[in-house]
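This report concerns only the one structure given below.
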Amino acid sequence: MEIIFATNNANKVAEIQAAIGESLKVIPLKDAGILIDIPEPHDTLEANATEKSTVIHRLTGKNCFSEDTGLEITALNGAPGVKSARYAGEDRSFDANIDLVLQQMQGKADRSARFRTVISLIWDDREYQFEGICEGKILEQRSGSNGFGYDPVFVPDGGETSFANMTMEQKNEFSHRKKAVQQLIEFLSQLQ
Ligand code: IMP
């Protein structure tokens, strides 16, 4: 079975395919022949996830899912949150985003943060949402070079090092995305 994943982020595709296993093949947008950058105009992860899956469903008429993820830092009142991708500007630079977070977190005693993922699935013309949360802490400086986004500055609770020092399999033991995907898998397995 195949399902279109409304993303062009190769890291997300790899993480989700590893989490799902071989029973369901995840097709990223470019492999489905869709060459668009879907806008994320809303102020919640939920609304952006719905927008992405709805746009792709309208274009293809096929079952599909999207996900939207944000890093929510307690001491920054939940920022960067829904603005995580463009926190330091429109060019969506991972490095510039991390620099801004580290600068804003200077001297903050409370380093707690969480990643939150919302998946929007469109299956047989109906929408379903699933959420995954990973609690953790923001480091004072970068550590590691694996993964993407804020991985070098985020240590999950129960982990000993940043996501960027972990393999994909190790990250998936803690990951927000994996938790949301597990609910998606359970939902899909009940349909069969
Ligand atoms: P998106 O809008 O869901 O693509 O993600 C927003 C931003 O959050 C991305 O550009 C990354 O900077 C960050 N992000 C999302 N997922 C992760 C993750 O698993 N690790 C680190 N950063 C992430």
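Numbers here simply count residues along the sequence, with the first being 1. The structure presented is a predicted model; accordingly, all values stated were derived computationally and were not measured. Worth knowing before you read on, the calculation uses all heavy atoms, side chains too, and leaves out hydrogens, waters and symmetry mates. Atoms within a ligand are numbered from 1 in the order they appear, just like the ligands themselves.
Arg142 and Asp95 are joined by a salt bridge, as a carboxylate oxygen and a charged side-chain nitrogen come within less than 4.0 angstrom of each other. Ionic pairing of Arg177 and Glu15 is present here: one or more N-O contacts between side-chain nitrogen and carboxylate oxygen are shorter than 4.0 angstrom.
Residues Glu51 and Ser120 have side chains that never bring a donor and an acceptor to within less than 3.5 angstrom of each other.
Closest of all the heavy-atom pairs between Leu45 and Glu72 is CD1-OE2, 4.2 Å. What you find for Pro80 and Ile73 is that their closest heavy atoms are CD-CD1, 3.9 Å.
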Does the pair Ile98 and Tyr150 meet the rule for a side-chain contact (heavy atoms from CB on, under 4.5 Å), with working shown?
CA-CA 6 Å; Ile98 290 180; Tyr150 300 91; 4.1 Å; yes

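Residue-level contacts of ligand 1 at the 4.0 Å heavy-atom threshold are Lys12, Glu40, Glu67, Asp68, Thr69, Ser84, Ala85, Phe94, Phe115, Phe148, Gly149, Tyr150, Asp151, Lys171, His176, Arg177.
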